[in-house]
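Presented below is the structure to which this report refers.
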Amino acid sequence: MEIDTDTAVEKRVIINNVMCLLTDPDGAPLGAPMYLPQNIGPQQLQLIVNQLLRNEEKLPYAFYISDEELLVPLETYLQKHKVSVEKALPIVCQPQAVFRIRPVSRCSATISGHGEAVLSVAFSPDGRQLASGSGDTTVRFWDLGTQTPMYTCTGHKNWVLCIEWSPDGKYLVSGSKSGELICWDPKTGKQSGNALIGHKKWITGISWEPVHLNAPCRRFVSASKDGDARIWDVSLKKCIVLSGHTLAVTCVKWGGDGVIYTGSQDCTIKVWETTQGKLIRELKGHAHWVNSLALSTEYVLRTGAFDHTGKHYSSAEEMQKVALERYKAMRGNAPERLVSGSDDFTMFLWEPFVDKHHKTRMTGHQQLVNHVYFSPDGQWIASASFDKSVKIWNGTTGKFVTAFRGHVGPVYRISWSADSRLLLSGSKDSTLKVWDIRTRKLKQDLPGHADEVFSVDWSPDGEKVASGGKDKVLKLWMG
């Protein structure tokens with residue numbers, strides 16, 4: 001009789017505990033597998049992880065089992081999903097942004113001024129300024145306080161197709177359909193030096209050297225329909241030509257490790273070193289044009305030393321130091337990841353420093369992939385497609401997570417909130433939509449544009465969204 005009681009007690013202990021393995025987002029264990037009570041939920045897991053990692057300040061974490069966030073006690077999850085508890089259950093512990101962004105819900109200003117379609121909008125790295133480029137050949141800087149135009153910058157001879165802020169906020173570069181690039185001083189709205197001439201066809205992309213590698217920012221790379229990319233030095237007005245693609249270069253990114261990635265209509269992605277412009281490696285696999293590239297570290301590369309606290313810096317050295325700390329913290333021990341989206345309806349996830357072969361092929365879109373973007377914490381990849389959907393993928397494994405459907409036209413651009421919890425999309429259907437990553441539902445529908453939305457950006461401080469499109473107006477949206 002006594003033996004039976006012991007067995008019953010033993011059984012109950014086994015049933016009520018589940019063997020779990022807590023890992024970081026890259027799959028590295030935080031410790032040995034451990035038995036946890038089945039009634040444990042996210043709150044208790046927070047305490048365990050903070051203890052395991054000996055965090056002095058208690059950090060917020062979200063917990064994921066097979067890409068689904070754990071919002072209920074383990075018991076409930078295991079029963080619902082009929083999970084076998086024979087093996088250790090892997091639970092991914094994802095550090096969360098300490099701050100939270102309010103979803104934008106209303107249009108706070110409609111600013112006219114451009115004479116043609118607004119083709120690009122971009123907030124400065126500190127979120128305090130906004131610039132736009134238009135088919136009317138001008139670049140404009142806007143005062144976010146008064147929501148009125150500050151400077152109208154003339155100098156281009158053709159449509160301004162792309163604009164890019166330097167990560168220290170000192171410059172804005174714009175590229176046009178004629179192939180020239182102009183560097184602007186955002187403080188005065190004046191051209192800094194002559195136009196940079198060299199490309200023979202229109203500019204398709206611009207990317208600055210990260211500030212943690214070089215401060216103050218001086219170098220950027222441009223990509224063009226002419227098949228070349230060029231590294232420019234704004235102080236020396238010199239350029240290094242990266243030639244090797246056989247067709248148009250469609251997109252370019254300057255990585256945190258100091259190399260440049262170019263995607264092309266020749267279906268390849270090339271990796272370049274930046275002192276002499278030598279080709280390091282080639283990433284092959286796409287069956288059609290490469291349209292878009294994104295880096296897992298993109299958000300910290302774009303914002304450099306600036307974060308949601310709005311702190312400003314007195315010297316380039318201080319800025320470089322803080323930017324390097326932010327970059328290292330964001331990257332952790334994992335390599336920088338790259339994702340490419342293509343006209344072949346697929347995406348590839350790469351770790352170019354580890355392997356020249358792709359890590360994962362991501363399929364599911366029914367039409368070309370227009371834009372890809374990693375969330376600021378690197379946990380998710382979002383993709384926008386002509387099939388009218390936005391899809392979310394695991395940023396480490398490339399595994400499909402969910403699809404957002406609601407747009408009735410091709411989705412052109414996407415942008416993340418700084419806390420990685422919300423995603424914004426702009427479409428040919430004239431609307432913007434805000435999606436909630438946690439609930440996987442539409443959070444906010446933002447109609448208001450009279451025509452196609454070509455460009456969207458969410459300010460790094462999380463306070464505002466800007467959009468521009470075919471109706472020639474710039475709209476600002478607030479929480």
Side-chain angles (χ1 to χ4, degrees), residues 23-27 42 60-71 90-101 103 253 256 292-303 329-332 334-341 346-351 358-365 369-385 389-407 411 413-426 433-444 456-458 460 462 465:
T23 75
D24 72 8
D26 297 304
Y61 288 86
F63 301 95
Y64 291 86
I65 303 172
S66 312
D67 281 336
E68 187 167 322
E69 187 171 359
L70 183 70
L71 301 167
I91 301 178
V92 177
C93 311
Q94 176 73 38
Q96 295 292 286
V98 182
F99 60 100
R100 287 190 80 99
I101 300 292
K253 293 289 171 200
S292 180
L293 292 174
L295 290 162
S296 54
T297 53
E298 198 152 324
Y299 179 75
V300 289
L301 297 184
R302 173 192 171 173
T303 52
M330 155 68 223
R331 229 189 84 169
E336 194 167 53
R337 298 185 298 282
L338 178 77
V339 66
S340 53
T346 74
M347 296 148 68
F348 282 123
L349 182 62
W350 314 83
E351 287 176 352
H358 61 266
K359 187 176 173 179
T360 320
R361 181 168 183 256
M362 298 145 79
T363 59
H365 277 299
V369 179
N370 213 19
H371 191 206
V372 290
Y373 215 163
F374 270 95
S375 60
D377 61 9
Q379 187 186 355
W380 312 108
I381 295 165
S383 56
S385 166
S389 77
V390 174
K391 290 188 190 295
I392 303 292
W393 318 76
N394 180 303
T396 309
T397 62
K399 210 173 121 203
F400 173 71
V401 176
T402 192
F404 291 139
R405 301 184 195 281
H407 282 296
V411 186
R413 302 291 290 182
I414 39 185
S415 190
W416 286 92
S417 65
D419 61 2
S420 305
R421 290 180 173 108
L422 301 166
L423 180 73
L424 170 76
S425 55
K433 296 190 192 304
V434 180
W435 310 91
D436 188 316
I437 299 303
R438 175 171 278 183
T439 62
R440 302 184 181 176
K441 290 190 167 72
L442 178 68
K443 186 91 177 173
Q444 207 71 48
V456 295
D457 196 20
W458 202 314
V465 156

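Because the structure is predicted, anything quoted here is derived from the model rather than measured.
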On a heavy-atom basis, the closest approach of R405 and S389 is NH1-CB, 3.6 Å
Could you go step by step and tell me if R337 and I381 meet the side chain to side chain contact (heavy atoms under 4.5 Å, CB included) rule? CA-CA 11 Å; R337 298 185 298 282; I381 295 165; over 6 Å; no
Which residues share a side-chain hydrogen bond (donor to acceptor under 3.5 Å, both in side chains) with T396, sequence neighbours left out: none
Is the shortest heavy-atom distance from the side chain of V92 to the side chain of Q379 under 4.5 Å? no
ring-ring contact (aromatic ring centres under 6.0 Å, His included) partners for F404, two or more places apart: W435
Is the shortest side-chain heavy-atom distance between L301 and E336 below 4.5 Å? yes
For the atom pair CD (E351) and OG1 (T360), what is the distance rounded to the nearest 0.5 Å? 8.5 Å
What's the separation between atom OG1 in T402 and atom CD1 in I437, rounded to the nearest 0.5 Å? 8.5 Å
Looking only at non-hydrogen atoms, find the nearest pair between T303 and P460 and report the distance. CG2-CB, 3.7 Å
Checking D457 now: which residues fulfil salt bridge (charged side-chain N to carboxylate O under 4.0 Å, His left out) with it, not counting sequence neighbours? R302
Mind checking ring-ring contact (aromatic ring centres under 6.0 Å, His included) for Y64 and listing every partner two or more places apart, or none if nothing turns up? W380
Close side-chain approach of V401 and R440, heavy atoms under 4.5 Å: yes
Could you tell me which non-hydrogen atom of L349 sits nearest to which non-hydrogen atom of T397, and how far apart they are? CD2-C, 3.8 Å
At what distance, to the nearest 0.5 angstrom, does NZ of K443 lie from CG of D436? 4.5 Å
Closest heavy-atom pair, F63 versus I91, reported as atoms and distance to 0.1 Å, is CB-CG2, 3.9 Å
Can you find a pair of side-chain heavy atoms, one from Y299 and one from S375, that are under 4.5 Å apart? no
Got a sec, which residues hit side-chain hydrogen bond (donor to acceptor under 3.5 Å, both in side chains) with S296, two or more places apart in sequence or on another chain? none
Indicate the atoms forming the closest heavy-atom contact of A403 with K391, along with that distance. CB-NZ, 3.8 Å
Is the shortest side-chain heavy-atom distance between H365 and S383 below 4.5 Å? yes
Atom of S292, atom of V372 and distance for their closest heavy-atom approach: OG-N, 3.0 Å
What residues, two or more places apart in sequence or in another chain, satisfy side-chain contact (heavy atoms from CB on, under 4.5 Å) together with H358? F348, W350, R361
With sequence neighbours left out, write down each residue that passes side-chain contact (heavy atoms from CB on, under 4.5 Å) with D24, or none if nothing qualifies. D26, A28, L30
Could you list the residues that satisfy side-chain contact (heavy atoms from CB on, under 4.5 Å) with S417, not counting sequence neighbours? I101, D419, L422, W458
N370: which residues meet the side-chain hydrogen bond (donor to acceptor under 3.5 Å, both in side chains) condition with it, sequence neighbours left out? none
Any residue meeting salt bridge (charged side-chain N to carboxylate O under 4.0 Å, His left out) with K253, in chain and number order, not counting sequence neighbours: E298
How many angstroms lie between NZ in K399 and CH2 in W393, if you round to the nearest 0.5 Å? 12.0 Å
Between atom OH of Y373 and atom CG of L293, what is the distance when rounded to the nearest 0.5 Å? 13.0 Å
Which residues pass the side-chain contact (heavy atoms from CB on, under 4.5 Å) test with A382, not counting sequence neighbours? I392, I414, W416, L423
Sequence neighbours left out, what passes salt bridge (charged side-chain N to carboxylate O under 4.0 Å, His left out) with E69? Give chain and number order. R438
Atom pair CG/CZ of D377 and R421 - distance to nearest 0.5 Å: 9.0 Å
